[in-house]
K.L.:
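Quick one: structure below, then a few questions.
Along the sequence shown, residues are numbered consecutively beginning with 1. Source: prediction; values computed, not measured.
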Amino acid sequence: MQPIDTNQEPLAGQHPTPTIPFSQSVIRLIRHVPETLLDRYMGPMLAQSECILETGFGGRARVRELTERLAGLNDELLGSLVADAERIVEMTDDLGQEALCSIARDQEMFCLQENAYARSLWVFLHEPGSFRRAEEVRYADNYRLGRMWDGFVGPKDVVISANVGHHREFEDRIRSYFRSGQVKVEIYERTRPDIDDGEHHLLQVVVYREGLPDSFLEFDGKELARRPWRPVFEFALTYEADSGVIEVVAQGRECREEMARAFSETLLRQKIESERVPLRRYDLTTLMSPRHFPTDVEDGIESVEVTMLTLHPVDDGRERVTFEADRKSSVSIYERVFTWFSEHSPLISGFRLHRVRLAVRFLPEEGFGRGKTINVQLSLPNGCNLKSKSERERMVCEKYLPRWNLVREV
């Protein structure tokens, strides 16, 4: 949570922003959510503190007018507002919007909202259950293919058991493995978009488990007191019947394997061998020299440029040398390296690529002066900074990296 910078001097003719502990998320909601919807959300809070929400303000005046009134909230209401705003704003990125769109029940009202902030707040207000479920979807997809992820080969075309005893058996397996207290399991159907505008139909399992007791310090009046609590931990699992793939997002490699096995044995009623779905492996050899990156016109890609090369000696993989392109220069990174080293260039012999960065620049959208750039960083054997979160990232990962012969195995 980032507080407002209250050390900056106000512009001429403006009042300084009140020095109250608002996060940037609260400010962003005030700036971007339409007035009527914002009044519906903040009005009841302000009514509790006998503040009147005035309307008709815009821009900086709107932020100042609202924050001055919100400063009158008591600590409990203010803390609740900040916590809510953090959750709402987190769902305004591409991944959050896709999750909300796939879960929201009233699709017509959802699509009628003015922008991502309004859509996120609308679901938060009118469909709180859908909002929490969308958060769970975002959690699973956000960490997908990362360090907390593993995919396992499971049985295809199996319908999950509806037997209550089998569900209790799954909960018992979780409780026994983690030595937990309470366990809550939620199971529901969802979709995940693909690059061909289609959908993968998934079953998502979200597990909340109670951790070991802990405590924290707080003020009791003017004195410090220690309050006990039991933290709750979360992990997610998805099952795609068409492919049979079971994906687990959780801390710990052994934990992910055990949870996939427990799910398959109790809810799918089939044993699995814990065979992992291989991560794609990258082949960077074609990037040792300048090359062309073919794209389709309909995808709106303006240019693709190599902006970073990290190499290591063939006989010593522990040392590295990195070259980065000057973004303002028209000279390519390859030309620059050759100018510096000529026939002794590490791109000619003695070195091999370990990491590269590609700048994929898109044509500007209507009404915008500049197009968006996605920086794709690949490292051997299977490192990639993109997690297929947005539609464009999925397109680059799933369509163009294989086309550019940068993927050796999927």
K.L.:
I'd like to know whether Ser161 forms a side-chain hydrogen bond (donor to acceptor under 3.5 Å, both in side chains) with Asn163, so could you lay out the CA-CA distance, the side-chain angles of the two residues, the decisive distance to 0.1 Å, and finally the verdict.
P.N.:
CA-CA 5 Å; Ser161 172; Asn163 187 301; 5.4 Å; no

K.L.:
With a 4.5 Å heavy-atom cut-off, do Arg192 and Asp141 have their side chains touching?
P.N.:
yes

K.L.:
Mind checking what makes side chain to side chain donor-acceptor pair (under 3.5 Å) contact with Arg138, not counting sequence neighbours?
P.N.:
Asp93

K.L.:
Assess whether atom CZ of Phe219 is packed by more than 12 heavy atoms of other residues, nucleotides or ligands within 6.0 Å.
P.N.:
no

K.L.:
With a 3.5 Å distance limit and no angle check, can you tell me whether Asp296 reaches the backbone of Glu298 through a side-chain donor-acceptor pair?
P.N.:
no

K.L.:
For residues Val137 and Ala99, report the shortest heavy-atom separation together with the two atoms involved.
P.N.:
CG1-CB, 3.8 Å

K.L.:
Quick one about Glu86 and Ser25 (side-chain donor to acceptor, distance below 3.5 Å, no hydrogens or angles considered), yes or no?
P.N.:
yes

K.L.:
Is it true that Arg269 and Glu265 make a salt bridge, defined as a side-chain N closer than 4.0 Å to a carboxylate O?
P.N.:
no

K.L.:
Using 4.0 Å as the upper bound for N to carboxylate O, is an ion pair formed by Glu365 and Lys372?
P.N.:
no

K.L.:
Which heavy-atom pair separates Val206 from Glu234 by the least distance, and what is that distance?
P.N.:
CG1-OE2, 3.8 Å

K.L.:
Which residues satisfy the salt bridge (charged side-chain N to carboxylate O under 4.0 Å, His left out) test with Arg256, sequence neighbours excluded?
P.N.:
Asp150

K.L.:
So that I know where these two stand, are Trp149 and Tyr143 an aromatic pair - ring centroids less than 6.0 Å apart?
P.N.:
no

K.L.:
Within the side chain of Glu335, is there an N or O that forms a donor-acceptor pair under 3.5 Å with the backbone of Ser332?
P.N.:
yes

K.L.:
For the CD atom on Gln107, are there more than 12 heavy atoms of other groups (residues, nucleotides or ligands in this structure) within a distance under 6.0 Å?
P.N.:
yes

K.L.:
About how many Å separate OH of Tyr282 and CG of Leu380, when rounded to the nearest 0.5 Å?
P.N.:
10.5 Å

K.L.:
Which heavy atom of Ala104 sits nearest to which heavy atom of Glu127, and what is that distance?
P.N.:
CA-OE1, 3.5 Å

K.L.:
Once rounded to the nearest 0.5 Å, what's the spacing between atom CG of Leu347 and atom CG of Leu309?
P.N.:
6.0 Å

K.L.:
Output the distance between atom CZ (Phe152) and atom CE (Met259), rounded to the nearest 0.5 Å.
P.N.:
10.5 Å

K.L.:
Does a donor on one side chain and an acceptor on the other come within less than 3.5 Å for Thr286 and Arg291?
P.N.:
yes

K.L.:
Between Ser120 and Ile88 (side chain of the first, backbone of the second, donor and acceptor by atom type, cut-off under 3.5 Å), is there such a pair?
P.N.:
yes

K.L.:
For Ser176 and Arg173, indicate whether the former's side chain and the latter's backbone hold a donor-acceptor pair under 3.5 Å.
P.N.:
no

K.L.:
Do His201 and Glu189 have side-chain heavy atoms sitting under 4.5 Å apart?
P.N.:
no

K.L.:
Inspect the contact between Glu398 and Arg403 and indicate whether a charged nitrogen and a carboxylate oxygen are less than 4.0 angstrom apart.
P.N.:
no

K.L.:
When you measure from the side chain of Glu210 to the backbone N and O of Gln182, does any donor-acceptor pair fall under 3.5 Å?
P.N.:
yes

K.L.:
To check you understand the geometry: which heavy-atom pair defines the closest contact between Arg190 and Ala140, and what is its length?
P.N.:
NH1-CB, 4.4 Å

K.L.:
Verify salt bridge (Lys or Arg N to Asp or Glu O under 4.0 Å) between Arg361 and Glu305, making sure each step is shown before the conclusion.
P.N.:
CA-CA 8 Å; Arg361 184 185 300 278; Glu305 181 182 3; over 6 Å; no

K.L.:
Using 0.5 Å steps for rounding, measure from the CD1 atom of Ile333 to the CE atom of Met308.
P.N.:
8.0 Å

K.L.:
Would you say CD of Gln251 has more than 12 non-hydrogen atoms from neighbouring residues, nucleotides or ligands within 6.0 angstrom?
P.N.:
no

K.L.:
Return the minimal non-hydrogen interatomic distance between Pro346 and Leu311, and the atom names on each side.
P.N.:
O-CD2, 4.0 Å

K.L.:
With a 4.5 Å limit on heavy-atom distance, are the side chains of Phe351 and Val321 in contact?
P.N.:
yes

K.L.:
Distance-only, no hydrogens or angles: does the Tyr239 side chain make a donor-acceptor pair with backbone N or O of Val158 under 3.5 Å?
P.N.:
yes

K.L.:
Verify the distance criterion only: is there a donor paired with an acceptor across the side chains of Ser180 and Arg175 at less than 3.5 Å?
P.N.:
no

K.L.:
Taking the side chain as every heavy atom from C-beta outward, state whether Phe110 and Leu112 have any pair of such atoms under 4.5 Å apart.
P.N.:
no

K.L.:
Output yes when Arg392 and Asp299 qualify as a salt bridge under the 4.0 Å nitrogen-oxygen rule, no when they do not.
P.N.:
no

K.L.:
Nearest 0.5 Å, what's the CG-CD distance between Leu237 and Glu247?
P.N.:
9.0 Å

K.L.:
Does Thr266 form a side chain to side chain contact (heavy atoms under 4.5 Å, CB included) with Asp172? I'd like the steps, not just the answer.
P.N.:
CA-CA 10 Å; Thr266 60; Asp172 289 341; over 6 Å; no

K.L.:
Below 30° counts as parallel, above 60° as perpendicular, anything between as tilted: where do the rings of Tyr41 and Phe124 land?
P.N.:
perpendicular

K.L.:
Does the side chain of Leu267 reach to within under 4.5 Å of the side chain of Ile187, using non-hydrogen atoms?
P.N.:
yes

K.L.:
Measure the acute angle between the ring planes of Tyr117 and His32, then classify it against the limits of 30° and 60° as parallel, tilted or perpendicular.
P.N.:
parallel

K.L.:
Please check if any side-chain donor atom of Glu136 sits under 3.5 Å from a side-chain acceptor atom of Tyr188, or the reverse.
P.N.:
yes

K.L.:
Does a donor on one side chain and an acceptor on the other come within less than 3.5 Å for Glu240 and His200?
P.N.:
yes

K.L.:
Are Val277 and Val153 side-chain neighbours, meaning at least one heavy-atom pair lies under 4.5 Å?
P.N.:
yes

K.L.:
How about Arg105 and Ser130: does a side-chain donor come under 3.5 Å of a side-chain acceptor?
P.N.:
yes

K.L.:
Does Met109 offer a backbone N or O that forms a donor-acceptor pair with the side chain of Gln113 under 3.5 Å?
P.N.:
yes

K.L.:
Measure the acute angle between the ring planes of Phe235 and Phe178, then classify it against the limits of 30° and 60° as parallel, tilted or perpendicular.
P.N.:
tilted

K.L.:
Hey, is the main chain of Asp157 close enough, under 3.5 Å, to the side chain of Asp242 for a donor-acceptor pair?
P.N.:
no

K.L.:
Rounded to the nearest 0.5 Å, what's the gap from CG on Leu378 to CZ on Arg355? Could you check?
P.N.:
10.5 Å

K.L.:
Taking atom CD as the centre, does Glu218 end up with more than 12 heavy-atom neighbours from other residues, nucleotides or ligands that are less than 6.0 angstrom away?
P.N.:
yes

K.L.:
Do Arg168 and Glu171 pass the salt bridge (Lys or Arg N to Asp or Glu O under 4.0 Å) test, and can you show the C-alpha distance, the side-chain angles, and the key distance before you say yes or no?
P.N.:
CA-CA 5 Å; Arg168 288 176 180 166; Glu171 293 177 0; over 6 Å; no

K.L.:
Of all heavy-atom pairs between Asn375 and Asn385, which one has the smallest distance, and what is that distance?
P.N.:
O-ND2, 2.9 Å

K.L.:
With a 3.5 Å distance limit and no angle check, can you tell me whether Ser264 reaches the backbone of Lys271 through a side-chain donor-acceptor pair?
P.N.:
no

K.L.:
Does some side-chain heavy atom of Glu393 sit less than 4.5 Å from a side-chain heavy atom of Val396?
P.N.:
no

K.L.:
Indicate yes or no for a side-chain donor-acceptor contact from Trp404 to the backbone of Pro294 under 3.5 Å, with no hydrogens or angles considered.
P.N.:
yes

K.L.:
I'd like to know whether Ser215 forms a side-chain hydrogen bond (donor to acceptor under 3.5 Å, both in side chains) with Arg226, so could you lay out the CA-CA distance, the side-chain angles of the two residues, the decisive distance to 0.1 Å, and finally the verdict.
P.N.:
CA-CA 6 Å; Ser215 63; Arg226 186 167 289 277; 3.1 Å; yes

K.L.:
Can you find a pair of side-chain heavy atoms, one from Ser274 and one from Arg261, that are under 4.5 Å apart?
P.N.:
yes

K.L.:
Excluding sequence neighbours, so at least two apart, what forms side chain to side chain donor-acceptor pair (under 3.5 Å) with Glu114?
P.N.:
none

